[in-house]
Amino acid sequence: MPVLYEKRGHIGWLTLSRPEARNAWGEDCDAIASDPEIRVAVLTGDEAGGAFSAGANLKNPRTHAQGSMAEFIEGLPQRHRSAGQVLTEFPKPVIAAVNGYAVGIGCIVTYCCDLIIASDRAEWRLPQVALGILPNHGGIVRLARCVGKGQAMKVAMGYPMTAEEAFRFGLAQWLVPHAELVAQTTAIAEQLAELPPLASRLAKESLNRGLDMPNVADAAYIDLYRFMALSMTEDAKESHTAWRERRHPTVRGA
């Protein structure tokens with residue numbers, strides 16, 4: 001699906017834009033292009049679509065249809081590189097600014113982002129089971145990591161999760177009035193963009209990789225190497241010096 005890209009300083013704004021299909025997420029969505037000047041990405045939906053994303057385009061008869069097992073197997077490498085996986089592996093913090101309904105794959109991609117800011121109009125839905133399939137790309141397990149098994153199962157069985165519930169259960173980190181979503185998202189993104197970008201990058205890597213490790217001891221051991229690498233950067237030296245001199249640091253990603 002079309003993804004509109006706009007650079008605002010060190011922040012890259014990605015807008016899912018297919019208003020005629022309520023911002024349906026299509027399989028033709030390319031990997032998000034990285035930009036060396038971008039320190040934070042924001043993912044949101046086109047306001048004209050009336051939703052963050054309505055998910056897969058069910059009007060297309062080829063959606064959720066597979067020609068043959070051979071076609072499926074041959075397409076596995078591309079399928080593994082899903083939109084959610086792209087967001088999880090994106091090397092910089094990604095904020096989901098959820099401004100309406102987030103349905104199906106549009107729901108899953110929100111919690112593949114690192115932080116969620118929810119409009120009071122936001123709502124999360126996984127309708128796949130009612131369609132005879134299930135949420136793909138680990139959609140149920142990813143949600144369970146955020147809100148627990150019971151709440152994830154409830155959403156997987158078709159019950160919607162409101163913005164207030166998402167905030168209360170920990171899926172969304174901020175809940176804001178719809179009219180203030182862009183302003184508050186901008187303020188949060190700008191604050192993150194002021195952080196040393198290499199440290200932000202490795203902090204995200206530490207969390208995502210650590211959650212997939214069998215125990216905290218292994219995660220802590222690997223963090224020793226990340227810590228040492230960061231301690232040798234110019235940004236770390238500048239940030240420490242600025243703290244001692246009671247001034248704002250000037251970071252360069254070096």
Side-chain angles (χ1 to χ4, degrees), residues 3-15 31-44 84-98 109-119 142 145-146 167 170-177 180-254:
V3 178
L4 306 180
Y5 176 70
E6 181 184 0
K7 187 193 303 186
R8 305 178 191 174
H10 290 298
I11 304 167
W13 285 75
L14 300 163
T15 303
I32 300 171
S34 62
D35 184 324
E37 295 183 358
I38 294 300
R39 297 177 182 176
V40 179
V42 174
L43 181 68
T44 192
Q85 199 63 30
V86 168
L87 292 170
T88 300
E89 296 177 357
F90 193 75
K92 302 158 189 177
V94 182
I95 300 170
V98 185
V109 297
T110 65
Y111 45 84
C112 291
C113 297
D114 304 300
L115 295 165
I116 295 177
I117 307 172
S119 153
R142 291 178 189 268
R145 280 183 166 180
C146 300
F167 179 68
L171 178 63
Q173 287 69 59
W174 291 271
L175 174 60
V176 303
E180 299 177 14
L181 179 65
V182 173
Q184 295 216 30
T185 299
T186 300
I188 293 167
E190 287 177 345
Q191 184 173 354
L192 295 182
E194 292 179 355
L195 296 172
L198 296 178
S200 293
R201 177 173 182 154
L202 290 193
K204 173 175 178 172
E205 179 186 282
S206 171
L207 177 60
N208 287 340
R209 299 297 183 187
L211 284 172
D212 289 334
M213 287 186 175
N215 57 68
V216 176
D218 287 344
Y221 187 77
I222 299 300
D223 273 349
L224 290 173
Y225 291 89
R226 295 188 182 98
F227 184 92
M228 179 58 68
L230 288 171
S231 69
M232 299 176 68
T233 64
E234 293 301 319
D235 281 352
K237 297 173 185 176
E238 162 65 9
S239 296
H240 280 69
T241 300
W243 186 89
R244 297 186 187 101
E245 297 176 354
R246 300 179 181 274
R247 61 175 175 82
H248 191 76
T250 301
V251 297
R252 301 183 297 107

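In this chain, residues are counted from 1 in sequence order. Keep in mind that this is a model prediction, so the values were computed, not measured.
Proximity of F90 to K204: side-chain heavy atoms (C-beta onward) are separated by under 4.5 Å at one or more points. Two residues are said to be in side-chain contact when any heavy atoms from C-beta on lie closer than 4.5 Å; T44 and V182 fail this criterion. Two residues are said to be in side-chain contact when any heavy atoms from C-beta on lie closer than 4.5 Å; T241 and R247 meet this criterion. With a 4.5 Å cut-off on side-chain heavy atoms, V94 and L14 do not count as touching. With a 4.5 Å cut-off on side-chain heavy atoms, R209 and I222 do not count as touching. Within the 4.5 Å cutoff, side-chain heavy atoms of V251 are placed close to those of S239.
Of all heavy-atom pairs between L181 and A118, the closest is CD1-C, 4.3 Å. When all heavy atoms of D114 and Q173 are compared, the closest pair comes out as O-OE1, 4.3 Å. Counting all heavy atoms, side chain and backbone alike, V40 lies closest to A189 at CG2-O, 3.9 Å. Contact detail for P197 and D235: the closest heavy-atom pair is CD-OD2, 3.6 Å. When all heavy atoms of V109 and L87 are compared, the closest pair comes out as O-CD1, 3.6 Å. Nearest heavy-atom pair, K92 versus R39, reported as atom, atom and distance to 0.1 Å: CB-O, 3.6 Å.
Rounding to the nearest 0.5 Å places CG of N208 at 6.0 Å from OG1 of T88. Taken from CG in D212 to CG in D218, the straight-line distance is 12.5 Å, to the nearest 0.5 Å. Taking CD1 from I38 and CH2 from W13, the interatomic distance works out to 12.0 Å, rounded to the nearest 0.5 Å. Between atom CD1 of residue I116 and atom CG of residue L171 there is a gap of 4.0 Å, rounded to the nearest 0.5 Å. The distance from the CG atom of L43 to the CG atom of L115 is 13.0 Å, given to the nearest 0.5 Å.
Judged as a side chain to side chain donor-acceptor pair (under 3.5 Å), and not counting sequence neighbours, R252 has no contacts.
Judged by distance alone, with hydrogens and angles left aside, the side-chain atoms of T233 form a donor-acceptor pair with the main-chain N or O of L230 at under 3.5 Å. Judged purely by atom type and a 3.5 angstrom limit, R145 uses its side chain to pair as donor or acceptor with the backbone of L211.
Residue pairs satisfying the side-chain hydrogen bond (donor to acceptor under 3.5 Å, both in side chains) criterion with at least one member in residues 219-231, sequence neighbours excluded, are listed as follows: E205-R226, S206-D223, D223-R226.
A 6.0 Å sphere centred on CZ of R142 holds more than 12 heavy atoms belonging to other residues, nucleotides or ligands. Residue E245 qualifies as enclosed at atom CD: its count of foreign heavy atoms under 6.0 Å is above 12.
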